[in-house]
Amino acid sequence: MASVLFKHIFKRFPGGVTAVSDFCLDIKDKEFIILVGPSGCGKTTSLRMLAGLEEITEGELYIGDKLINDVAPKDRDIAMVFQSYALYPHMTVFENMAFGLKLRKTPKEQIKRRVEEAARVLDISHLLDRRPKALSGGQKQRVALGRAIVREPKVFLLDEPLSNLDAKLRATMRTELTILHKKLGTTFIYVTHDQVEAMTMATRIVVMKDGLIQQVDTPQTLYDNPCNLFVAGFIGTPPMNFINGKLEKKGSDIFFKFGANSLKLPAEKAANEELQAYIGKEVIAGLRPELIHDEPLFLNQFPDSTLTTYVEVTELMGAEIYLYLSVEDVRLTSRVSSRSKAKSGDTIQIAIDTSRMHIFDKDTEKVIVH
């Protein structure tokens, strides 16, 4: 079993700085868990406590059924891959990968078998006699992964392992890591500030802010049903649009009003009891870029939620176009089809798909309705 359980974990540094607060997380065997959040949110500190590189101030940490708070790092049956690769420059690839096994006095034949097997899985068999200075960034990253794999740990810990690679190689390595996780059938716990990595690789994502877990869920659920304003804005590229406004009721209909503009909420949202309590109050509307349309089909489909906007910038992304729009003093980003005729400087009509619009409490920033 390679399950991991964080029970009310705290990390306080001297001087009263609390880096991690009441961290509770149950990671199941063979999961690919990704901790994501901005710099300083506590994700790397959480990983380092699991590795034994940071002391736990308060709480209990288990690997399987074993409490590991006071277990030495070398006895935790984990392997860590760092951002910096941390390869020994004077050693060959084979020697780098074998080093940890030699320290454990593993038999030579077993070392050779494990290193060659890991090299085959990572497609670096032809590099075993080279030294790190003769390797590219991607090859160094594979060697660092190989060094972890040969130990056959219960849990892999990866701390921003792709951040030193160029954009194209990062995309390739994301795919390779996902395939590697399936091949090894081991628990992966991965730290990154890059939400694209989190969305594409994780079975579940842990979103953190200021040392606190904001939400733990599958990538799709986080994208579709964020629990608060922070998660909604952090997950998604381009990020969610936010508009400050007020809810108004006309008959049985509810409208979201901002400036001279209004968007009619669909009947199922208007019927939400919690939302009813916010009539006449200021709220924040959240709109994903793909919910803002400029095609006539959508203008006809959503006649009660159309806006006149000014196109500030257009970005052709190949299969789609990003439109950067302004409505009065509100700026919006829209993701539309590459067939769009909108050009910078145009004034165009857009339609909002309000069926998937989120409404947030302005004070607590918690979601009221999805």
Side-chain angles (χ1 to χ4, degrees), residues 1-9 11 20 23-37 42-54 56 59-83 86 97 100-101 104 114 117-118 121-122 141-142 144-162 173-195 197-208 213 215-222:
M1 265 304 269
S3 60
V4 175
L5 179 62
F6 292 81
K7 286 182 78 172
H8 305 289
I9 297 286
K11 176 61 184 179
V20 177
F23 191 98
C24 295
L25 183 63
D26 188 355
I27 301 170
K28 294 174 178 58
D29 186 31
K30 299 179 184 174
E31 272 202 285
F32 197 139
I33 288 283
I34 295 189
L35 308 182
V36 70
K43 55 190 186 296
T44 294
T45 303
S46 302
L47 198 75
R48 288 173 63 83
M49 284 191 285
L50 178 54
L53 303 176
E54 292 283 359
I56 295 166
E60 295 178 340
L61 187 48
Y62 294 84
I63 294 180
D65 298 325
K66 184 179 180 182
L67 179 66
I68 61 158
N69 287 45
D70 300 318
V71 174
K74 66 184 178 62
D75 299 323
R76 293 192 179 196
D77 208 359
I78 52 105
M80 193 158 181
V81 180
F82 297 92
Q83 176 181 349
M97 289 171 67
L101 298 179
R104 293 179 171 206
R114 286 200 201 175
E117 172 61 18
V121 168
L122 294 163
Q141 187 59 75
R142 285 190 181 88
L145 283 166
R147 186 178 51 198
I149 290 168
V150 296
R151 292 181 57 187
E152 297 178 354
K154 285 183 179 175
V155 183
F156 280 90
L157 309 181
L158 302 104
D159 187 9
E160 305 216 16
L162 308 185
M173 285 300 294
R174 284 202 305 265
T175 308
E176 291 191 9
L177 277 172
T178 306
I179 293 167
L180 182 63
H181 172 249
K182 287 175 182 169
K183 274 185 186 173
L184 297 176
T186 313
T187 307
F188 274 39
I189 304 173
Y190 186 109
V191 159
T192 182
H193 63 273
D194 185 336
Q195 53 97 13
E197 286 179 22
M199 290 292 288
T200 52
M201 294 192 293
T203 49
R204 283 192 301 156
I205 299 173
V206 181
V207 182
M208 295 186 69
I213 292 177
Q215 189 171 354
V216 183
D217 232 314
T218 62
Q220 196 63 51
T221 303
L222 275 180

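Please read all numbers here as calculations on a predicted model, not as lab measurements. Residue numbers count from 1 along this sequence.
Checking side-chain atoms of Thr186 against main-chain N and O of Lys154 turns up no donor-acceptor pair under 3.5 Å. Judged by distance alone, with hydrogens and angles left aside, the side-chain atoms of Thr187 form a donor-acceptor pair with the main-chain N or O of Ala2 at under 3.5 Å. In this structure a side-chain-to-backbone donor-acceptor pair under 3.5 Å is missing from Arg151 to Leu101. Side chain of Arg174 to main chain of Met201: no donor-acceptor pair is present (N/O by atom type, distance under 3.5 Å, no hydrogens or angles). Asp29 places no side-chain N or O within 3.5 Å of a backbone atom of Ser3 that could act as its donor or acceptor partner. Lys43 contributes no side-chain N or O that, together with a main-chain N or O of Met208, makes up a donor-acceptor pair within less than 3.5 Å.
Rounding to the nearest 0.5 Å places CG of Leu222 at 10.5 Å from CD of Gln195. For the atom pair CD1 (Ile33) and OH (Tyr190), the distance works out to 14.0 Å, reported to the nearest 0.5 Å. One distance of note links CE of Met97 with CG of Leu122; it measures 6.5 Å at 0.5 Å rounding. Of the inter-residue distances, the one linking Glu31 atom CD with His181 atom NE2 reads 8.0 Å to the nearest 0.5 angstrom. The structure places CG of Leu184 at 9.5 Å from CD of Glu152, a figure rounded to the nearest 0.5 Å. Note that the CG atom of Leu158 and the OG1 atom of Thr192 stand 10.5 Å from one another [nearest 0.5 Å].
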Margin query: Using the rule given for side chain to side chain contact (heavy atoms under 4.5 Å, CB included), can you reason through Val155 versus Val4, listing the C-alpha separation, both sets of side-chain angles and the distance that settles it, and then say yes or no?
Written below: CA-CA 8 Å; Val155 183; Val4 175; 3.9 Å; yes

Item checked: Worked verdict on Arg76 versus Lys66 for side chain to side chain contact (heavy atoms under 4.5 Å, CB included) -> CA-CA 9 Å; Arg76 293 192 179 196; Lys66 184 179 180 182; over 6 Å; no

Next item on the list: Start with the C-alpha gap between Val81 and Gln141, add the side-chain angles, then the distance that decides, and say whether side chain to side chain contact (heavy atoms under 4.5 Å, CB included) holds.
Entry: CA-CA 9 Å; Val81 180; Gln141 187 59 75; 3.4 Å; yes

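Contact record, Pro73 with Ala51: CB-O, 3.4 Å, taken as the closest heavy-atom pair. Contact detail for Asn69 and Gly59: the closest heavy-atom pair is ND2-O, 2.8 Å.
Under the 4.5 Å side-chain criterion, counting only non-hydrogen atoms from C-beta, Leu35 is in contact with Ser46. By the 4.5 Å heavy-atom criterion applied to side chains, Leu145 and Met173 are counted as neighbours. Side-chain contact between Met80 and Leu47 is present, with at least one heavy-atom pair separated by less than 4.5 Å. Taking the side chain as every heavy atom from C-beta outward, Leu162 and Leu177 approach each other to under 4.5 Å.
Using bins of under 30°, 30° to 60° and over 60° for the plane-to-plane angle, the ring pair Phe32/Phe188 lands in the tilted bin. Using a 30° and 60° split on the angle between ring planes, Phe6 and Phe23 fall in the perpendicular class, above 60°.
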